[in-house]
Each structure stands twice: as C-alpha cells, then as structure tokens.
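Below: the structure, in structure tokens.
In each ligand, atom 1 is the first atom listed, and ligand 1 is the first ligand listed.
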Amino acid sequence: MDLRQRIRTSQALELEPGSKAVVAGWVDRLRIVGKIAFVILRDLDGLLQVVVKKNQDPQLYEQVVELGQEDVVAFKGTMVESKASIGGKELVAEEMRLLAKAQKPLPIDPHDWEKTGLSKRLDWRFLDLRAPRNALIFRVTDEAVNALRDYYRGQGFVEVHTPKLVAEATEGGAEVFPVIYFDKNVFLAQSPQLYKQMMMAAGFERVFEVGPAYRAEKHHTTRHLTEFESVDIEMSFIEDHEDVMRMVERAVIHAIDRVRTRYGERIREYFNVELTTPRDVPRLTLREAHELLKKHGYTPSDPLDLDTEGEKKLGEIMQREYGAELFYVTEYGWEGRPFYTMKKPEDPRYTRSFDLIYRGLELVSGSQREHRPDVLAEQIREKGLKVENFEFYIRFFRYGMPPHGGAGLGLERFVAKLLELGNIREARLLPRDPERITP
Ligand code: ATP
Ligand code: MG
C-alpha cells in the first residue's frame with residue numbers, strides 16, 4: 001500500500017461503489033460487533049467507516065482489533081454502499097498499515113473536549129484540535145483572513161511587512177513589552193501604525209498588513225491577548241475618516257459572506273450560530289451612542305469614550321431595535337485616542353475616528369491621521385510623549401505627505417464573534433496571556 005495513493009475520506013465517499021481506495025487518518029472509534037470490526041477513521045475532512053469481517057480475513061481482523069483510539073493508520077480496500085454508515089458508504093478493508101501508535105491514557109480525549117477546561121485544552125492543543133469543532137475555528141480563520149486579503153488586494157492595496165522590533169511605543173506608553181536587544185532597550189510593536197504611515201509618504205497610497213501585534217495587557221479578560229493578529233490598512237487621498245470606514249465595512253462584509261458561504265452549515269452544526277451577511281452598517285457618533293444608552297437607562301462612565309459595558313449594551317440595543325450586528329461609533333474624544341489621530345476641526349475635543357462594533361465588541365479602530373507635521377508634533381507633546389523620540393516618524397511628514405487614514409482589525413476577535421466563542425483564547429492557535437507562554 002502506497003501513501004501517495006491516499007485520498008481524503010470526503011473523496012472516498014464520492015467514489016462509485018466497487019472502487020478501490022487508500023485512506024489514512026486517526027482511529028476515532030473502534031467497535032466490535034460479533035465478528036465484525038468497525039473502525040471510524042478520521043481525517044481533516046471528516047469520518048469514514050472501515051469494516052473488516054473475521055470470517056473473510058482472519059489475519060487482518062486480528063490486526064484491526066488491536067487498534068486503539070488516536071492510532072494513525074492507513075487502509076486499502078473497496079468502497080461499498082452502506083445505508084447505515086456516515087455518508088452512505090463504507091470501506092471494506094483488504095490491507096492495513098499501522099503508521100503510529102497513540103500512547104494510553106490520552107491526556108485529553110478529543111471526543112470529550114467539552115468536559116476539559118480551556119487551560120488544559122491549550123496545554124494539549126494538538127489533541128484538542130483533533131476535535132472537528134475546534135479545528136473548524138482555524139479553517140474559519142483561514143477563510144476570513146484570505147477574504148480580507150482578497151478584498152483589499154482587489155481595491156489596489158499592497159501587502160507590506162513592517163518591523164516587530166521597534167524603538168518606540170506606537171499606541172501609548174504602558175501596554176508595551178520591552179525587549180533586550182543587544183545593549184539597547186527596544187519594544188515589541190503594538191501595531192504597524194508608524195510604518196503604514198511611512199508607506200503613505202513613500203507614495204504607495206494603499207497598503208495592508210496581516211501580522212502580529214503585542215500588547216502588555218495585564219488584565220485577564222475574554223477579549224484581550226498579549227499577542228494577536230492584526231489586519232491593518234492605510235490609504236491616502238481621503239476626504240475624511242468616512243472613506244476608510246466604507247473600505248473597512250466592505251472588506252468585513254465580504255469576509256463574513258465568504259465564511260458563511262463556505263462554512264455556514266458546519267458553523268450552524270458545531271456552534272449553533274446562524275451567520276447572516278450584514279447589508280448596511282449604521283453609524284452613530286459617540287454623542288448619539290451615549291444618548292441612546294441613557295435612553296435605555298445606562299449612564300456611560302466617560303463622556304468622551306465608550307466603556308466596555310456601554311459597548312456591550314449598545315450592541316444589544318442596536319441588534320434588538322435596528323437588527324444591526326455591525327455598526328460604527330464615530331468621533332471619539334481626543335483623550336482616548338492615539339496621538340496620530342486627526343482632531344475634529346470644528347470641535348477639537350473630538351476626533352475623526354471610528355470603531356466598528358460587531359456583536360457588542362470593538363472589532364476595528366481607525367481614523368483619519370494628522371498629516372501636518374507641526375500639528376502632529378504638538379499632538380505628541382499633548383500626549384506627554386517626547387517629540388525627539390518620534391523624530392524618525394515626523395520626518396515622514398515633511399516632504400509631501402498626502403491626507404490619509406487607516407484602521408486595524410483584530411483577527412481573533414473577528415473569529416471569536418463570528419462563532420460566538422466565549423473567550424478569545426479559543427480563536428488563537430497558541431494564545432499568550434500574562435500566565436501562559438507555552439506550549
Ligand atoms: P480595547 O479597547 O478593546 O482594549 P484597543 O482600542 O486598545 O482595544 P486598538 O489599539 O484600537 O485596540 O487595536 C485595533 C484592534 O485590534 C481592536 O479593535 C481589536 O480588534 C484588536 N485588539 C486590540 N488589542 C487587542 C488585544 N489585546 N487582544 C486581541 N485583539 C486586540
Ligand atoms: Mg480601539
């Protein structure tokens with residue numbers, strides 16, 4: 001038996017009865033009924049029943065009954081019709097090759113992932129991911145990120161790769177990881193912000209990046225990781241932040257639609273979530289959002305920002321009253337936004353900024369950026385940062401910088417909300433938080 005002839009279980013199930021097939025995967029279950037052995041074989045695509053009858057092939061039967069759950073095995077045989085089997089067919093085995101034994105007991109049983117705490121699941125992530133439901137999270141991630149990439153590429157964006165070892169914090173002082181870099185203190189990048197903007201000065205007009213971002217988030221929440229995947233864009237020649245918002249909402253809607261088309265059925269089956277493609281994305285200014293919250297009996301804690309509880313409440317109200325899972329809040333207060341954000345010309349207490357809220361959680365933040373170097377330097381000072389440390393950055397603005405803006409989307413938050421996962425950690429292959437740095 002040659003593994004090069006191996007096909008996936010889904011392909012085997014499509015074969016005409018009577019066809020020969022080589023399949024391989026993990027032993028999901030072994031059942032012995034009378035003198036017949038049934039192996040449920042699992043691969044990435046699904047399950048296939050393999051049958052061996054003792055009276056037809058006593059030698060093979062003896063081999064098969066020795067198998068254990070999670071052993072890796074290949075079978076060669078003939079596909080036959082079988083009404084009672086998964087997919088209406090099964091493989092009558094003629095040959096078997098044991099490729100690897102699984103040690104017993106299993107640290108966690110992929111069938112019982114629900115009974116295992118998340119922390120232990122993450123300790124044994126490779127076994128946890130053998131559960132089809134858990135593997136699906138990462139196939140959805142793959143589809144979502146490719147859909148975003150495809151959308152932006154189609155709009156003339158070019159993907160860039162910016163440094164993750166940086167000299168200055170980009171998103172504010174505290175939540176930054178220092179790194180020992182030879183004899184210097186440097187940081188892990190919190191975002192590609194300053195370099196995306198450099199690319200606007202370089203005349204690239206539209207760039208995007210999918211890459212890791214690092215935040216020293218000390219608090220344990222279900223929506224923060226210390227390392228996450230950020231999908232960032234930056235675009236030039238905009239009138240205001242609305243131009244960025246239109247771009248981002250179309251990309252996000254395209255991604256939701258692609259995930260729904262490809263995995264909607266399986267998402268319903270495994271997560272009990274009905275995905276719908278949003279048609280339009282309502283917009284509220286921060287002030288309007290606060291008014292709406294107050295009308296529903298919630299008093300926001302900060303007049304210039306939206307607190308987490310308010311964000312969640314607003315999500316519920318927008319869903320219930322306007323059927324909107326996805327909406328924008330715009331014009332956040334200057335206090336709560338980073339130094340590179342453009343202030344609202346008519347009222348500088350506010351900014352030309354926005355957050356995209358998906359199912360009650362901030363998914364994207366973005367803004368028009370301040371592109372006038374003198375104003376930018378002043379804003380850096382206002383935030384209590386040292387202008388000297390940003391000289392390398394302000395330089396980008398002195399030799400012809402077009403008006404521009406951009407946004408960043410948290411990929412794990414996107415997937416967590418698409419699948420309504422309770423904890424963002426489930427949406428990261430190997431999440432890092434203040435306690436966890438392995439495996
Ligand atoms: P929050 O207020 O929810 O902590 P933020 O406003 O600090 O987020 P931004 O700097 O606006 O985050 O980052 C852009 C996007 O990146 C966010 O909208 C979110 O989707 C994602 N993101 C930010 N921080 C984290 C994190 N610690 N873990 C996972 N995703 C994050
Ligand atoms: Mg934000």
side-chain contact (heavy atoms from CB on, under 4.5 Å) partner of I267, chosen from V259, L418, I137: V259
Enumerated ligand 1 atoms positioned under 4.0 Å from heavy atoms of G408: 14 (C), 15 (C)
Nearest protein heavy atom with distance in Å, relative to atom 2 (O) of ligand 1: E362 OE1, 3.5 Å
Any side-chain donor near an acceptor of the partner, N146 and D150, under 3.5 Å: no
Under 4.0 Å to a heavy atom of E217 - the qualifying atoms of ligand 1, by number: 24 (N), 27 (N)
Parallel, tilted or perpendicular, as decided by the 30° and 60° cut-offs, for the rings of Y151 and H254: tilted
Residue part near ligand 1, for L363, under 4.0 Å between non-hydrogen atoms: backbone
Shortest heavy-atom approach to atom 3 (O) of ligand 1 - which of R223, Q193, R413, K417: R413
For atom 16 (O) of ligand 1, the protein heavy atom that lies nearest, with its residue and separation: F228 CE1, 3.4 Å
Per-atom contacts, ligand 1 versus V364 - under 4.0 Å to a heavy atom: 18 (O)
Atoms in ligand 1 flagged as close to S365, the criterion being non-hydrogen separation under 4.0 Å: 11 (O), 18 (O)
Ligand-side contact atoms (ligand 1) for residue partner I424, heavy atom cut-off under 4.0 Å: 29 (C)
The Mg ion (ligand 2) to nearest N/O/S of E362 less than 2.8 Å: yes
Subset of ligand 1 atoms that lie under 4.0 Å from at least one heavy atom of H224: 1 (P), 3 (O), 4 (O), 26 (C), 27 (N), 28 (N)
Parallel, tilted or perpendicular: ring planes of Y195 versus F392, cut at 30 and 60 degrees: tilted
pair R413-L361: side-chain heavy atoms closer than 4.5 Å: yes
For atom 9 (P) of ligand 1, the protein heavy atom that lies nearest, with its residue and separation: R215 NH1, 3.6 Å
L136 versus Y270, closest heavy-atom pair with distance: CD2-CD1, 3.8 Å
Gap between atom CD of E420 and atom CZ of F271 - 0.5 Å precision: 11.0 Å
Protein residue, atom and distance nearest to atom 27 (N) of ligand 1, heavy-atom basis: L225 O, 2.8 Å
Parallel, tilted or perpendicular: rings of F397 and H404 (30°, 60°): tilted
Close aromatic pair by centroid cut-off 6.0 Å: Y214 and F177: no
